[in-house]
Amino acid sequence: RLAGDVGMTLMGRIERTAEKADRHSRICYGKALQFPLPAPPPSPCPCPPARCQRHLHRPGVRLGSAIMPDPTAGASIPDRAALGRDAVIIAPADPEAPMARACLRAYYATLARRFETGFEVGRSLDPDADALRPPLGAFLLALAGDAALGCVALKGDGGDTGEVKRLWIAPEARGMGLGKRLMTAAEDHARDLGMTRLRLDTNRALTEAIALYRRLGWHEIPAFNAE
C-alpha cells in the first residue's frame, strides 16, 4: 500500500511506517473472533419448493438460504428514498467479476482523493485474487437489485489469521449501516473459513472507517506489514 496508509486489526495500534511526511498516517487494528453457539436447525418450510427461496436451485451466488444472481455488470444506484435495509443484501462475488472491479476502482479513486500523498494501487501490496476466494478468503458486495453499493474483501492464506481489506461504500449509500453489515459479514466468513483472528490497516485520513472499526470492537495493534 502507498506510504501514509493506516493498518488496523481487531486488536489495533496506530503505527506509521513509510516516508517521513507520512510517518504518522498508518494505523493497524486487530480483532479476536468469537464463536457463538450453533443455532438450532431451521423448522420445516411450509412453502412449495418451487416458490420458496430456501428451496431454489438455480445458478447464482448463495447467501445463507437465498440465491442471488451473480453480479457481473454495473448498474445505476437506486434512489436512496426507495432503499430500505431489506432492499440491500450482502452477497459473495468473484473479486475479478466486472462489478467487483468497478467497486475497487471507485475505492482506489476515493483513496487518491482522501490521502495527502495520493494513492497508486501499483505501489501497494494488492492481494492476489486467489487470496480473496474460497477456500482462502472472500469478496463481498452490498447489492440493491443489480447495483453494487459497497464491497469488502477478506484475505486469507489457509491459516488462522485473516486480513480485512477494500472496505468501500458508495457515497449515495453512506449512513445506511452498510459498513457495519459488510464488516460483520466478513467476520462471519472468516469464522466459516476457520480463522480466529483478523487484522487490517488503514489511513488516518479515513476517519469514518476508523470510527467504525473501533465501534465494532477492533483495537490498535503494531504494524504487521511493510505497506
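To the nearest 0.5 Å, atoms CD (E163) and CG (D157) are separated by 10.0 Å. Between atom CG of residue L33 and atom CZ of residue R191 there is a gap of 5.0 Å, rounded to the nearest 0.5 Å. Put simply, CG on D192 and CD on E187 are 12.0 Å apart, with the number rounded to the nearest 0.5 Å. The distance from the CH2 atom of W168 to the CZ atom of R174 is 7.5 Å, given to the nearest 0.5 Å.
Between Y213 and M183, some side-chain heavy-atom pair lies under the 4.5 Å cut-off. In this structure, F139 and L104 have side chains that are in contact, with non-hydrogen atoms separated by less than 4.5 Å. Side-chain contact between T196 and D160: present, with at least one pair of heavy atoms (C-beta onward) separated by less than 4.5 Å. Here the side chains of M99 and L143 are in contact, with some heavy-atom distance below 4.5 Å. In this structure, the side chains of V88 and L178 come closer than 4.5 Å at one or more pairs of heavy atoms. Counting only heavy atoms from C-beta outward, the side chains of K165 and V152 never approach each other to under 4.5 Å. Side-chain contact between L167 and L212 is present, with at least one heavy-atom pair separated by less than 4.5 Å. Side chains of W218 and L198 form a contact here, defined as non-hydrogen atoms less than 4.5 Å apart.
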Report task. Just do the side-chain contact (heavy atoms from CB on, under 4.5 Å) check on L141 and I90 with the steps written out, would you? Result -> CA-CA 6 Å; L141 292 174; I90 309 300; over 6 Å; no

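In plain terms, the two heavy atoms of R181 and I89 that are nearest each other are NH2-CA, 4.0 Å. Heavy-atom minimum distance, P92 versus L140: CA-CD2, 3.8 Å. Nearest heavy-atom pair across A100 and P95 is CB-O, 3.7 Å. Of all heavy-atom pairs between A144 and L149, the closest is CB-CD1, 3.9 Å. Across every non-hydrogen atom of I210 and R204, the tightest pair is CD1-CA, 3.8 Å. In terms of heavy-atom proximity, A148 sits nearest to C103 at CB-SG, 3.6 Å.
A salt bridge links R133 with D94: at least one charged nitrogen is closer than 4.0 Å to a carboxylate oxygen.
No continuous path of ILVMFWY side-chain contacts below 4.5 Å connects M195 to L136, so the two sit in separate hydrophobic clusters.
Side chain of R114 to main chain of A205: a donor-acceptor pair is present (N/O by atom type, distance under 3.5 Å, no hydrogens or angles).
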